[in-house]
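Take a look at the structure set out below.
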Amino acid sequence: MIVAAVPFALWLAAKAVVTLGLMLGVVLVVIWAELKWSAHIQSRVGPWYVGGRYGWLHPIAEALKFLQKEDLVPEAADDKVFRLAPYVMLAGTIATFAIIPIGPTVVARDLDIGIFYLLAISSLSTLGVLMAGWSSANKYSLIGGVRAGAQLIAYELPLILALVAVAIQAGTLSLNGIVAAQTETLFTIGGFDVALPFALSGQFIGFVVFIIASLAELNRTPFDLPLAESELTMGYVTEYSGLRFSMFFLGEYAGVVAMAAVISTVYLGGYWMPGISDDALDWLGPFILVGKIFFIVFLYIWFRWTWPRIREDQLQRMAWKWLIPLTLFNIMATATLKVVL
Amino acid sequence: MTDSPSETTEAPNTLGTFAADFAALVGAERWTADHGTVHVYLSRDQWVAAATAARDETELAFFSFLSAVDWAKEVAVGEPADDVENLDERYEVLCRLSSGTDDTALILSTSLAKDDAWLDSLVSVYAGAAWHERETAEMFGIDFHGHPNLINLYLPQEFEGHPLRKSFALGAREVKPWPGKVDVEELPSTENVEAAAQTDGEGS
Amino acid sequence: MTHLDHRGIVEVSDGGVSVELKGETMTLNIGPQHPSTHGVLRLIAEVDGERIARLDPAIGYMHRGKEKLAEARTYAQITALINRIDWVSGFANEVAFIRAVEELVGVEPTPRAQYIRLILTELTRISNHLVFASSYPLELGGATALMWAFREREHIMDVIESVTGGRFHTNFNRVGGVNPVAGGGKSQKKVSLDLPAGFYAAVENAMDRAEVACDELDQLVTGNEIIHMRAKGVGIITKEDALAYGISGPNARASGVDFDLRIQEDSLLPYGDFDFDVITGENGDSFDRYLVRILEIRESIKIVRQAIGSVPDGPLQAKVPRVLKVPPGTAYVRAENPKGEMGYYIVSQGGRIPYRLKIRSASFSNISIMSKIAVGQLIPDLVATMGSLDFVLGDVDR
């Protein structure tokens, strides 16, 4: 291939730009989808005029609107931390994209310790939230930030434990390896080789728990306590405006896409789809992955506009009393099956 | 005396009987029962005891409202009282108590001299009186002894004056006398009431 | 965070948002600008973490001094004022006041007017409860119910507008009946205004839609486990407290107070002609307050359905003098407003203007219990409790 001819740095930059561009493109579509789908759920029309039809340029228009607004920093705020927080949050989520395979050979970086990296880097965004909550010098922000911290501790564990079971079943920590493991033939019916994604073959509990925990990780309803508009006005983003607010906004949706991409990859077979050759997957893979991402995003949006918000103590109870024991059971079951089968 | 509690808790045949019974129960000298509204007139020292009796013996557990009327000869706003010359200047404090099961209800009324406007608080009898007494205190300048937190409810703490007193001018009316210029159609004057009295109710 | 101190921001205000934390508790200022305070209620909460140690409601940000304003207006002008007390149920505010004036004047409203008042009051009640039942999930974090119920409520607003000309501030009641004529001035011919053509069909349709809204709310909200987790057992008001604090209406009935002014002897409107149930709750918690209102919508729909079939013919207004002079006297007249007991104590001295008008509004007493039941709650519980009391700041401050 042409890879060898291009200097490493340039190649890296190109990969970064392509990955980022692709994923941010998806993020904009997801923002539009949230506006539009939520509108339809609520029997509204939603964005309509911007861009001529269906308001398809609405996310861009919103971004432009935010750019025009004054970038306010409260007088009592801790300037540097306050200004840095949105970027920390955004960086944490965007860095996740680096290891998501979008085709058999198309991945920004295939890490051996992919899951490990994923879990480490995704917690970074919560650090941004904590920074924002603390530095705003606003009590609502503070409570929001602390809530986010408590939520992180409670829900990172089910996430990790759910992925541990996946790693056991796949026998690797690399995301490419996990996708490859899901393409292996499980059994044959009438001459057809049947391969099932992990969500359908052994990791269903993990899949459900992971979706629930990811909602908490993303601060989405019913776990949007750090934002909790009706209680904390807007939680940790209360004091933000203009560009910095839009960074949080973008970070939130980038997080949604990143998490949906991880779920698609780990549990739904990622770029892979039965009946399509590996060569074709190189260019069809991204579309398949995006399709799966949108399935998960649709679930997220559906949940958000249907359910109310639970309370902090109920959230903790759910994590420690239900999700963690469930995932522990899941690990044991997976390990046992792995040895037996 | 027909004031045994068991009789008065039933819906009275007439408001008058009920009013008379209650007045006898609390030792009030005067009561009225006009327009479906029972007033029992008390002296200041009967106030809390009467409210307690209303709650415990007449089962008027529902605290409806507490407020006051400023009876003044000079009014800065609106029309003066009916018989101004013989008017006894005072604050009349009213407290309406009613039943939580039927339509039994009464209004306790007491008069306070203008230069000695204080009353014992009902908060210990009806917890809901707290806000009503705060409102009455700031609006009329009546002091409620024994109130746990008698600070202004609506107005800023540094506000001067008591807006619902008749001597308190209404700013909007000072700026623009009533009727204002926007009232294009002349309001019918009170002199030709008789002439204009019977207009057709249904229209033509 | 020592840098806060030498910038001198520490003592912005006691309830200020941006102040340094001192000691175990901090003062959290909820409102007057806050998404869940329904306008401009301000709650000064002392919180230990998220648990409320002390709560001090501060009201008055919407105090318009209606009682004072009423002392400078004729009775007819006052109806325009009192409409705006509880604007979510504007029409219902008028009825008790007009009945109080009628009581003092000694005029009996015509039966047709009474029925129209009753229908419009019940429509207002349905509309008010739909606003509550749909915005309550919003307080708990669910936004969709709001849109669904508001969509159906619009049919009711259309009906009210078609009869009265106003959606919120109807100003439709007159002493002796309801507004019989449109047009005005000396040159214009008066036009008779009765119920508009197609009124009954429109009401029937609006009732169907309101039932749809109830069904949808039941599906989306009433059975939702998260709503149960958030609202059941939260903000419990005992029966005794409800009475002592003067809590009325659905809030009191949720606490087990089986009392509805509509079925009392002194009911202002002919509710006795109709068959409906008074809904009461058992636990007095936030969920019961929600449930009572949802069920009350269904009862009100029943009442309206019965009423539109039996509106008597006749004039809309009894004969009353053009210049209304109210004989001296005092009367307190109360009505079952959607939010509770709405009463007017009128002191008349024989003029065109009341000497004193005391407005007893439901929300004022209803939220006065907040500082008692909020202690020990978490901030989310406070929002859940506050929302379930269904108050409007105009009705609190007057």
Side-chain angles (χ1 to χ4, degrees), chain B residues 11 34-37 39 55 61-65 67 69-70 75 77-82 94 96 98-103 105 107 125-128 130-132 135 139 152-156 163-164 166 168 170 172-173 178 185 187-190 192-193 196-204, chain C residues 59-60 63 65 67-69 71-72 103-104 176-177 180-181 184-185 190-192 240-241 243-246 248 252 257-259 264-266 315-323 325 328-334 341 343 345 347 349-353 355-356 358 360 364-365 368-369 372 397:
Chain B
D34 302 325
H35 300 299
T37 311
H39 285 85
R55 183 190 65 181
F62 182 80
F63 181 84
S64 181
F65 73 82
S67 192
V69 181
D70 177 11
V75 295
V77 173
E79 292 175 354
D82 198 14
L94 305 154
R96 187 170 198 277
S98 57
S99 161
T101 48
D102 55 38
D103 59 359
I107 292 178
V125 189
Y126 292 95
W131 278 25
H132 292 265
E135 185 191 5
M139 291 297 169
N152 279 359
L153 184 63
Y154 295 119
L155 302 166
L164 280 179
K166 284 286 177 184
F168 190 94
L170 185 59
R173 283 283 175 270
W178 178 72
E185 195 182 357
L187 269 156
S189 71
T190 40
N192 55 8
V193 172
Q198 299 292 314
T199 54
D200 197 352
E202 173 64 7
S204 47
Chain C
I59 63 172
H63 186 56
E67 293 178 11
K68 187 75 175 177
L69 294 174
E71 289 176 12
E103 174 73 43
L104 287 171
V181 284
K190 283 178 177 170
V191 184
S192 174
E240 292 69 35
D241 270 353
L243 290 170
Y245 276 88
S248 51
V257 179
D258 188 7
F259 187 67
Q264 295 303 317
E265 296 267 321
D266 60 352
L316 285 174
Q317 196 179 11
K319 290 193 187 300
V320 285
R322 173 122 193 259
V323 177
K325 287 189 110 182
T330 55
Y332 177 78
V333 172
R334 58 183 179 166
E341 178 183 321
Y345 182 81
V347 180
Q349 287 293 298
R352 299 179 302 163
I353 291 175
Y355 186 76
R356 166 98 171 94
K358 162 67 190 172
R360 193 272 179 207
F364 179 76
S365 293
S368 67
I369 200 171
K372 176 169 185 181
D397 287 355

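Side-chain atoms are counted along with the backbone in the values below, which use heavy atoms only and exclude waters and symmetry mates.
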Nearest heavy-atom approach of Phe62(B) to Ser248(C) is CZ-CB, 3.7 Å
By ring-ring contact (aromatic ring centres under 6.0 Å, His included) - contacts of Tyr355(C) (at least two apart): Trp71(B)
With a 4.5 angstrom heavy-atom cut-off, is it the side chain or the backbone of Asp397(C) that approaches chain B, or both, or neither? both
Reported CD-to-CE distance for the pair Glu67(C) and Met139(B), which is rounded to 0.5 angstrom: 7.5 Å
Could you have a look at Gly246(C), Pro328(C), Gly177(C) and say which one has the most heavy-atom pairs with chain B under 4.5 angstrom? Gly246(C)
Exercise: identify the closest heavy-atom pair between Arg96(B) and Tyr332(C): NE-CD2, 2.8 Å
Selection from Asp241(C), Val333(C), Thr330(C) maximising heavy-atom pairs under 4.5 Å formed with chain B: Thr330(C)
Minimal heavy-atom distance between Ser98(B) and Arg334(C), with the atoms involved, is OG-NH1, 3.6 Å
Note, Phe63(B) side chain near Ser365(C) side chain (heavy atom, < 4.5 Å): no
Is a salt bridge present between Arg55(B) and Glu240(C), judged by a nitrogen-to-oxygen distance below 4.0 Å? no
If I take atom CZ from residue Phe65(B) and atom CZ from residue Arg360(C), how far apart are they, to the nearest 0.5 angstrom? 9.0 Å
Between His35(B) and Ala331(C), what is the shortest heavy-atom contact and its length? CB-CB, 3.7 Å
Below 30° counts as parallel, above 60° as perpendicular, anything between as tilted: where do the rings of Phe364(C) and His132(B) land? perpendicular
Select one option (side chain, backbone, both, neither) describing which atoms of Val125(B) are under 4.5 Å from chain C's heavy atoms. neither
What is the minimum heavy-atom distance between Phe259(C) and Gly100(B), and which atoms define it? CB-O, 3.3 Å
Suppose we screen for ring-ring contact (aromatic ring centres under 6.0 Å, His included). Which residues come up paired with His39(B), at least two apart in sequence or across chains? Tyr41(B), Tyr345(C)
Ser67(B) versus Arg356(C), side-chain donor and acceptor atoms under 3.5 Å: yes
Which heavy atom in Phe168(B) sits nearest to a heavy atom in Lys68(C), and how many Å separate them? O-NZ, 2.8 Å
Okay, Asn152(B) and chain C: the region with an atom under 4.5 Å from a heavy atom over there is neither
Name the region of Ile369(C), side chain, backbone, both or neither, that has any atom closer than 4.5 Å to a heavy atom of chain B. neither
Heavy-atom check, side chain of Glu135(B) versus side chain of Ile59(C), under 4.5 Å: no
Okay, Ser64(B) and chain C: the region with an atom under 4.5 Å from a heavy atom over there is both
What residue in Leu153(B), Asp34(B), Ile107(B) has the most heavy-atom pairs under 4.5 Å with chain C? Leu153(B)
